[in-house]
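Okay, structure first, notes after.
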Protein chains: 2
Amino acid sequence: MDAKTLCLGALMHRDASGYEIRKLFEDGPFNAIHDVSFGSIYPCLTALLEREWATCCITEQDGRPDKKVYSITDAGRSAFLEAISTTPAPDKMRSEMLFILSFGDHLSRGHVVSLVDRYIDEYEQHLAAMQEYGAPEDFAPVHRFIHEFCATIYQTAVDYLKQHRAELTTLPETEDEITRPLKAVGDGR
Amino acid sequence: MDAKTLCLGALMHRDASGYEIRKLFEDGPFNAIHDVSFGSIYPCLTALLEREWATCCITEQDGRPDKKVYSITDAGRSAFLEAISTTPAPDKMRSEMLFILSFGDHLSRGHVVSLVDRYIDEYEQHLAAMQEYGAPEDFAPVHRFIHEFCATIYQTAVDYLKQHRAELTTLPETEDEITRPLKAVGDGR
DNA sequence: CCTGAAATATATCAGTCCGATATAACGGCG
DNA sequence: CGCCGTTATATCGGACTGATATATTTCAGG
């Protein structure tokens, strides 16, 4: 998914500045779904203006720096709808935590447990942020569907980690030794 | 997480060629956890040789192209352990599907439902691939922990989608109309 | 038996994206 | 009054992805 499409998506909901678009992906409705950085957003907004998919209006604020508020145009709306009518790419999960944890045999028991605790923290903060964001009853049906979907998964993750954390504390303390190799895949001969 | 670290991680488990490392992330033990592409792997393996973090041995095979099988060195093992002793970055989820689905109000009801069906399919294939990969009883404790964690989450996702799919089919068919904007975050004035 | 698709295998590269950094103005706090 | 955190825009090097090229072999189907 193109960063331009992500920006257009944000502007479909409301007029916003680059900073606000970032917030939408960091803490807002797209929080659990996708991400996009400043390094992409600002060049994209310029590109959107060039293509006339958005217009820009500089807003002076009292006590804050000036804002460039962008609005999507009809052409932008068409381009967005066109862009999201393709088959979506499969979900991409990137978890450094699970990757590192999978080498738990090479880490001290204490370290592994502290990693899991940090992981629980991370997901609980996610959940708290989602609850703060709003009550599902107020959402449109599709948004409620997605909101509950993410909340359910996060809750499941937290529950699993809390329940099975103990299993790791009872593990025998290991030296840095190589355990049996993981089964090979795509080597089926 | 550096692509070099990801490659070293793969080589921690077993000697492997670039192609096999890819498989490890595509279908294997890292399947649900992280990803890395050929475009990163091959340059990384060259870099690993330069740093003497891995050695390479060209293997002739009958009925297949030659393979360059890489092995991690002691220096490589140290570098890897060093690399994974940093605080892991938070999980990064990128779901084009959920992003598109969140604009369901602008899509036809039929399209939305077909997207959800495709989504269910995706996660069921994940689950099937994991089951095929091996029985949790055979895994070391840490690997079982992670395996079950991923399986539990995938199962939860599938269950939720199947249970709530119906809600979307009973939605009133909408024209391409703008629904109420999502609540702003970080705009608290 | 021949063709073409799929799998195995390595490699490169253009374009894109991220993360860090720079800049700046303001509020609040001790 | 200096310092930190927040709001706000912008840029840039380096890293990564996705597509593409190349080559060989197996296997299903006509």
Side-chain angles (χ1 to χ4, degrees), chain A residues 1-7 15-28 34-49 54 56-70 83 86-94 96 184-189, chain B residues 1-7 15-28 34-49 54 56-70 83 86-94 96 184-189:
Chain A
M1 176 118 330
D2 210 52
K4 281 194 284 293
T5 306
L6 297 175
C7 289
D15 295 350
S17 65
Y19 189 79
E20 286 167 346
I21 291 175
R22 183 76 235 276
K23 286 274 167 192
L24 253 30
F25 284 92
E26 203 177 84
D27 314 310
H34 221 285
D35 199 19
V36 66
S37 73
F38 282 129
S40 299
I41 291 172
Y42 286 111
C44 278
L45 288 175
T46 307
L48 293 186
L49 286 183
C56 176
C57 163
I58 295 174
T59 309
E60 285 178 45
Q61 302 182 108
D62 43 305
R64 302 246 172 120
D66 289 357
K67 245 202 298 197
K68 287 187 179 178
V69 178
Y70 293 82
T86 59
T87 304
D91 284 5
K92 216 160 282 177
M93 170 67 154
R94 304 187 147 229
E96 292 198 3
V185 176
D187 192 31
R189 276 176 301 134
Chain B
M1 176 118 329
D2 211 50
K4 280 194 284 295
T5 307
L6 297 175
C7 288
D15 296 350
S17 64
Y19 189 79
E20 285 168 346
I21 291 176
R22 182 77 236 276
K23 285 273 166 194
L24 253 29
F25 284 92
E26 202 177 85
D27 314 312
H34 222 287
D35 199 18
V36 65
S37 72
F38 283 127
S40 300
I41 291 171
Y42 286 111
C44 278
L45 288 175
T46 308
L48 293 186
L49 286 184
C56 177
C57 164
I58 294 174
T59 309
E60 285 177 45
Q61 302 182 110
D62 44 303
R64 301 253 170 114
D66 288 358
K67 246 203 296 199
K68 287 188 179 179
V69 178
Y70 293 82
T86 60
T87 305
D91 284 6
K92 215 160 283 177
M93 171 68 156
R94 306 190 144 229
E96 292 198 4
V185 176
D187 195 28
R189 276 175 298 136

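Chain A is the first sequence line, chain B the second, and so forth, proteins listed ahead of strands; every chain is numbered from 1.
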Describe the nucleic acid contact of K92(A) in one word from base, sugar-phosphate, nothing, applying a heavy-atom distance below 4.0 Å.
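Result for K92(A) = sugar-phosphate.
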Need one value for G18(B): base, sugar-phosphate or nothing, where a base atom within 4.0 Å counts as base even if backbone is also close, heavy atoms only.
sugar-phosphate
Can you name the nearest heavy-atom pair linking V36(A) to R22(A), along with the distance?
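Minimum heavy-atom separation between V36(A) and R22(A): O-NE, 2.9 Å.
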Closest non-hydrogen atom pair, L45(A) against Y70(A):
CD1-CE1, 3.5 Å
Interatomic distance, [X] [atom1] vs [N] [atom2] [rounded to whole Å]:
{"X": "M1(B)", "N": "dC16(D)", "atom1": "CE", "atom2": "P", "result": "11 Å"}
{"X": "I58(A)", "N": "dT7(D)", "atom1": "CD1", "atom2": "P", "result": "20 Å"}
{"X": "I41(B)", "N": "dT12(C)", "atom1": "CD1", "atom2": "C1'", "result": "14 Å"}
{"X": "Y42(B)", "N": "dT8(C)", "atom1": "OH", "atom2": "P", "result": "12 Å"}
{"X": "K67(A)", "N": "dT9(D)", "atom1": "NZ", "atom2": "C1'", "result": "13 Å"}
{"X": "E20(B)", "N": "dA11(C)", "atom1": "CD", "atom2": "P", "result": "14 Å"}
{"X": "R22(A)", "N": "dT7(D)", "atom1": "CZ", "atom2": "P", "result": "13 Å"}
{"X": "F38(B)", "N": "dT17(D)", "atom1": "CZ", "atom2": "P", "result": "12 Å"}

Nearest-nucleotide wise, let me know which of P43(A) and D66(A) is further upstream toward the 5' end of DNA chain D.
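Final value for this comparison: D66(A).
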I41(A) CD1 to T46(A) OG1 distance, which is reported to the nearest 0.5 Å:
12.0 Å
Specify the residue among S17(B) and S40(B) whose closest nucleotide of DNA chain C lies further upstream toward the 5′ end.
S17(B)
When you match R94(B) and K68(B) each to their closest nucleotide on DNA chain C, which lands nearer the 5' end?
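Taking each residue's closest nucleotide, the earlier one in sequence belongs to K68(B).
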Parallel, tilted or perpendicular for Y19(A) and F38(A), by the 30°/60° rule?
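The rings of Y19(A) and F38(A) lie parallel, inter-plane angle below 30°.
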Strictly below 4.0 Å: does K23(A) bring a side-chain N or O up to OP1 or OP2 of dT7(D)?
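Answer yes for this pair, as a side-chain N or O of K23(A) is under 4.0 Å from OP1 or OP2.
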Any side-chain N or O of Y19(B) below 4.0 angstrom from OP1/OP2 of dT10(C)?
no
Just so I know, are the side chains of K4(B) and C44(B) near enough to count as touching, which here means a heavy-atom distance under 4.5 Å?
yes
